[in-house]
Amino acid sequence: MLEKTYSAQPVEAKWSATWRAADLFHGEPGAVAPGGEIKPFVVVIPPPNVTGALHVGHALDNTLQDIFVRYHRLSGRPVCWVPGTDHGGIATQSVMEKQLKAEKLTRLTLGREKFLARMQVWTRQCKNTILGQLERLGCALDWRREAFTMDEDRAESVYEAFKTLWGKGWIYRGERMVNWCVHCGTALSDIEVEFEDRKGHLWHIHYPAVDGGRGAVVATTRPETMLGDTAVAVNPKDSRYQGLAGKKLRLPLTDREIPVVGDEYVDSDFGTGALKVTPAHDANDFEIGQRHKLPAVTVISPDGHMTEAAGPAYAGLSREAARDKIVEDLKAAGLLEKVTDYPHSVAVCYRCNQAIEPLVSWQWFVRMEELAKPAITALDSGRFRLYPDSWAKPYRQWLGNIRDWCISRQIWWGHRIPVWYCVKCHGERIKTDFHQVAQARGVLSVAQPESCRVCGGSEFVQDPDVLDTWFSSALWPFSVFRWPGRTPELKFFYPTSLLVTGYEILYLWVARMQMMGLALTGEAPFPECLIHGIVRDKSGKKMSKSLGNVVDPLVMMDKYGTDAFRFSLVIQAHPGKDIPFAESSITGSRNFANKLWNSTRFVLMHLPEAKIYSLAGLDRKKLELCDRWILAEYQAALAAVREKLDVYEPAAAADALYGFLWDKFCDWYVELAKIRLQGADEIAKNTARTVLVEVLDGTLRMLHPFMPYITEELHAALKPFVGVPGRFVVEAGLPRSGDQTDDAARRDMGTVMEAVTALRTLRSQLNVPPGLKIRVVSAGGSQETRQLLDRHADYLKALVHIEELSYSADGVRPPHSATAVAAGMSFYVMLQGLIDFSQERERLRKEIVKVETELTKISSKMENKDFLARAPQSEVELARNQHDAARARHERLKETLTMLSA
RNA sequence: GGGCAGUUAGCUCAGCGGUAGAGCACUGUCCUCACACGACAGGGGUCACAGGUUCAAAUCCUGUACUGCCCACCA
C-alpha cells in the first residue's frame, strides 16, 4: 500500500539508478524504435561550462529538452540526446585563477603546463558534478555519448574546421582595434561585450593653439586617453571652427603639438563640437586616424597601466589613478574648463564586468559575410525555424549586419591555434613579443612542422593564443558525432532535430552553429530551435551571486522533489517569456504530484484482483454517462497536449494535463466512480475500474515527459492491471488516441454538473452542515432534461448529498424549501426549520439581479438585426440558446419569489 | 538613435474576434472511508489610455503613455 503522502527522494533515487542500469536512453545508429519509425529525434545538449554547478536556468533548459526527448521516445521514434560540457574558455580560466589567488599563486608563477594540468583535474570534477545533476534532474541523456568541447574527438573537429575556413581564405590574422579586457588579459569578440549605464562625467579640456589663438575646448568621458591624442577633429561645416583646421594645438600636460583636422564624423551639436582624437584607444578615433594618416600613440598597456609613452609623470599608473592625476594636473594648469555629470553606457566584459579597453593588436579573425549568407537563406527558405518566430527578425538583422569575428584569445585554457612560426624567418623576437611582430606568416599544423619551406629552418614556435570557446561550441551539433569522420552516428543522427536554448546566446551560439554547420557540412545543423526565456527571481531580477538571489536547483529538488521542481518551471515557460521564479510556485506543483499519488492510491485500493482491465475488451454499452464523458475529456486533453508540444508550447501542454487530471478526473470522475465501486454490482464495478485504470494510466504516460519519476513509479504500480508493453513508461508508448469526441456525453454531463453545482451552492449559502443529507423536489424543465436527471439521480444524490430526490409534476413550491434554478429546472430544497424566509427572499432577489444583467446583455444581442443577419449561424444559435436559458432561469426565480412572498 | 516585447483579479501570468480565465493569496463551511500537499462554496477585473474597423474587440488597425529587452561607434 502506498503512503498517504508522496515522498519523492526514494522514488527518484530508485528510478534514476534503474534507468541507468538498463541503459535505457542509449540510441544506436540504425536503431528502429518499437513503433517502427526510422527517422530519429536528435538533440544535442547546450553544453554547460565547467565552471561550477548548474543553476535554475540549466534546470529549465534541460527539463524542456527532456520533455521533447521523452515525448518523441514515447511516440515511438528512435531518440538520441547527447550530453556534454563546454571547456568554457575565459570563464573557466578565471574560476581557476580565483582558486589560485586563494593559494597565493598565479597562472604565471605556475607556468602554462602545470596550469593546464590543474585545469584538467578541475574539469573532471566539474563534469562529474554537472552530469550528476543532469541525471538527478531526470534527463534521458544518452550517457555513452558524453562529449567535451576540448577532448580529442572535438579537437579534431576544431582543427578540421580551422583548416577548411583557412583554405577558403575566411580565416586571417590582422591588426585591428579589438575589445580588450584588462582584467581577463585577452581580446574579446564584439558580442562578448556588454553595455552598462554608469554615472560618469564629461570633462571639458582646453587645448590652446600654438600660434596663440584661442585653440579649442574638447569634451571627453575619458581624460586619461588625452595623453594619446594625436589630433583634434571638428566638423568642416561648423561655423565656429572655420579656419581652425590645419592649425596646431598644444596638447596639455605634454610637449606635443597636434593638428586640427576636419572630419564629417564629428557631431557639431555634441559637447563643444570639437573632438579629441585618440587613435590607439577608441574605435572611432582609430578610423579618423586612418583617414587623416595620424599616428597612434599607445598610452595604456594591455594590463591597464599607463605606458612610457604617457610620459614620466604618468607611466606605470593604473588607468584609474592616471585619470585622477590628469584631472588634478589640468585643473592646476587652468585648462579644465568645466566638469559636468554625464551618465553614459560603458562597454564591459561579459565575464568579469570590467570596463573594456579598446586596443589595437594583432588577432585572428573569421570573415563572416560569406558564412552569414547561407544562414540567412536557411531562415528565409524555412529550412531553419525559430520558436517563437518573433526571434526571426532580430536574428536575420544580426546576420545581415555581421562583422568579422575575433577568434583569438590571449588565455591558456582552450584549443591552441594550430599555426606555427619559423624562428629563423621572424627572428628571436617572435618567442617573446609575439603580438608585436607584425605580418608574422604562420604554417597551419597541429604538431610542430619539420622544416620551414621558405628558409629550411627547423625551429618553430606555436601561436600562443587559443581559440574563442565559442569556436568549438559552434561545431557542437556535428563534432559530438565525430565529424569530420564519416562515422555511422554522424550519418544517422545528423542533422539533429531540435535545439533548445535561451535567447541570451542566440547570436553567440545558435547563429554560429547555423553558419558553421551550413559551411562545413552543407546542412542546417538543426531545422528548429526553441528559444526560451531566462529564469529570474520572484521580483523579476536576474539571478546573480552578487545579488544573493540565486536559487540552487538541488535545494529545490531536495525540498519539493524533482518532478515538482521541473513542473513548476515548465508550466511557466510560455514562449518568449522570462520566468519569475518564486518558491511558492513549486508548492503548487508538489501538491499536484501528491494529487497524482493519491488518485493512483485510490484506484489501486479498488483493484482487488491482479488482472488486466482492458477498455478494448469492454462492452461499450456498459459505459455510463460519466464514463463516456471522462473518456471524451481525456481524449480532448491528450489531443491538446500533443498539439501544444508539436508547436513547442510546453507550458500550455502542462496546463492541459494539470487541468484535466485535477478538475475533471479527480473532482468529478473519481467521485462518480465511487458510486459503483462502493456498490454491489460486480459488472458495474468492473466497468468503473476499467475506465479508471485506462484514463489514469494514459494520463500518467502522457505526463511522463514532464514528471518522469512519479509517473514511472505510479505506472509501475498500475502495470499489473494495464495491458501495456515494456518495462518502463518510455517503452509503453503514448496512450491510444481516441475515436469520437462524444459531444452528447459532454453536453449531458454538463447539464448534470450544472444542477450539482447549483444545489451545492445553495447548500453552502444556507449553511447546511456537510454531514446533513437533504431532500430535494425538482420541478419544471424540458422532458429531456427531466429524464436525464432522473436517469442520473444517483449522481446528484452522491455529489450533493441528497437522501431523497423526487419530481413534482404540478411545480408548486413545497413549504419550508429554498430554491435553486439550473438546467431550466427548479430544485426545491426541503429544509424545515433551517430557513429564514426573509433571508431566502433576499438571496433570490440577488440571484434575479444577476440573471437580469446577463439577460439584458444577451437580449440586446438578440434584438440586434445586424447580428441576426450577419453573424454566423452557429453563433446566432448559441446566443438563442443562452437567451432561452437565461429567460427560463429568470422566470423560475421570479416565480419562486412570488410564491415565497405569498 | 533604431528594433522587439509587454501593460488582463492583491501577486505571477494564460487567453488573442463571439457573455472575462488559471495558479497563489483571500473569505466561509468541512479532518465526508484517495489526498487538509485535501473537498465544497464564495468575494475580487470599466482586460493602460484615446480613436478607428466590425453585427460583435481584452482579442484586429492607428496613435499616446509607461515598463522591460535587444541592437547601434556619438566623444
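Note that the structure is a prediction, hence the values are computed from the model and not measured. FYI, side chains are in, hydrogens and waters are out, and symmetry mates aren't considered; it's all heavy atoms of this structure. By convention in this document, chain letters (A, B, ...) are assigned in the order of the sequence lines, proteins followed by strands, and residues within each chain are numbered from 1.
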Which nucleotides of nucleotides 30-44 of chain B have their base under 4.0 Å from a protein heavy atom (B), which only their sugar-phosphate (S), and which neither (-), written as one string 5' to 3'? S---BB-BSSSSSS-

Looking at K857(A) and E854(A), does any basic side-chain N land under 4.0 Å from a carboxylate oxygen? no

When the distance from CD of Q397(A) to P of rC70(B) is rounded to whole Å, what number comes out? 15 Å

Can you list every stem that RNA chain B is part of, counting only runs of 3 or more consecutive Watson-Crick or G-U wobble pairs with both distances under 3.5 Å? B:1-7 with B:65-71, B:10-13 with B:21-24, B:26-30 with B:38-42, B:48-52 with B:60-64

Who passes salt bridge (Lys or Arg N to Asp or Glu O under 4.0 Å) against K773(A), sequence neighbours left out? none

Please name all residues satisfying salt bridge (Lys or Arg N to Asp or Glu O under 4.0 Å) with D558(A), sequence neighbours left out, ordered by chain then number. R136(A)

Assign V218(A) to base, sugar-phosphate, or nothing according to its heavy-atom contacts below 4.0 angstrom with the strands shown. nothing

Specify the closest pair of heavy atoms between Q572(A) and P580(A), including all atoms of both residues, with the distance to one decimal. OE1-O, 3.2 Å

Side-chain polar contacts of residues 667-679 of chain A - donor-acceptor pairs under 3.5 angstrom, sequence neighbours left out - could you list them?
unit_1, atom_1, unit_2, atom_2, d
Y669(A), OH, D627(A), OD1, 2.5
E671(A), OE1, K674(A), NZ, 3.3
E671(A), OE2, K674(A), NZ, 3.1
R676(A), NH1, D627(A), OD2, 2.8
R676(A), NH2, D627(A), OD1, 2.7
R676(A), NH2, D627(A), OD2, 3.3

Which atoms of nucleotides 9-16 of chain B (N or O only) lie under 3.5 Å from a protein N or O atom, and what are those distances?
unit_1, atom_1, unit_2, atom_2, d
rA14(B), OP1, K577(A), NZ, 2.3
rA14(B), OP2, K577(A), NZ, 2.7

With a 4.0 Å limit, can you tell me whether Y342(A) has a side-chain N or O closer than that to the phosphate oxygens OP1/OP2 of rA75(B)? yes

The residue among Y709(A), F602(A), Y6(A) that forms ring-ring contact (aromatic ring centres under 6.0 Å, His included) with W597(A) is Y6(A)

